[in-house]
Amino acid sequence: MRKDSDRALRQHLIYLLTDGGAHAKFEVVIAAIPAKLRGQTPAAMPHSPWMLLEHMRIAQWDILEFSRNPKYKSPVWPESYWPPTEAPPNAAAWNESVKNFRKDLKSLGEPNREPRNRFVRQNPLGRRPNHPS
């Protein structure tokens, strides 16, 4: 891959991960959810904000661990990718989930900021067990 196109691809990936792209920005959305609504499922919707936050956190963590640990085994799909309850047990659980999502999101972007890292390569780990890929 040419240096310019590699740099452009890296910048675009970081944009997609952090600045919204085709979806709402995580920071904007998370700040707009009142504490009293975190565990309530809106009418005609299948999941509460807590369930969606945990699902995103778990799925993102799974991708990150799969990409950096050759011995990693993915959780069982789909049941292990959703929290067991509609509401967070307490405010601390919500805050911890948000903190961990942010931390893992930053970790996903870090290798892409470093031009010395090969951006496009075959993943030596191959297909993911327990995942319909």
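Numbers here are sequence positions counted from 1.
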Identify the heavy atoms of [X] and [Y] that sit nearest to each other, and give their distance.
{"X": "W61", "Y": "P75", "answer": "CZ3-CG, 4.3 Å"}
{"X": "S80", "Y": "I58", "answer": "O-CG2, 3.7 Å"}
{"X": "V29", "Y": "A24", "answer": "CG2-CB, 3.4 Å"}
{"X": "I30", "Y": "R102", "answer": "CG2-NH2, 4.1 Å"}
{"X": "Y81", "Y": "S74", "answer": "OH-CB, 3.8 Å"}
{"X": "L53", "Y": "S97", "answer": "CG-OG, 3.4 Å"}

side-chain contact (heavy atoms from CB on, under 4.5 Å) partner of S48, the single match among R38, E86, Q40: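 Answer to the side-chain contact (heavy atoms from CB on, under 4.5 Å) test with S48 among R38, E86, Q40: E86.
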
Going from [atom1] on [X] to [atom2] on [Y], what distance comes out if it is rounded to the nearest 0.5 angstrom?
{"X": "W50", "Y": "H55", "atom1": "CH2", "atom2": "NE2", "value": "14.0 Å"}
{"X": "E96", "Y": "K103", "atom1": "CD", "atom2": "NZ", "value": "8.5 Å"}
{"X": "N100", "Y": "N95", "atom1": "CG", "atom2": "CG", "value": "11.0 Å"}

Geometric class of the W82/H47 ring pair [parallel <30°, tilted 30-60°, perpendicular >60°]: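 Ring orientation of H47 relative to W82: parallel.
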
Salt bridge (Lys or Arg N to Asp or Glu O under 4.0 Å) partners of R57, counting only residues at least two apart: E54

Beyond-backbone contact of W94 with P49, side-chain heavy atoms, under 4.5 angstrom: yes

Derivation and outcome, side chain to side chain contact (heavy atoms under 4.5 Å, CB included), residues Y72 and L64: CA-CA 10 Å; Y72 175 71; L64 186 58; over 6 Å; no

Shared hydrophobic cluster for L37 and M56 (ILVMFWY, side-chain gaps under 4.5 Å): no

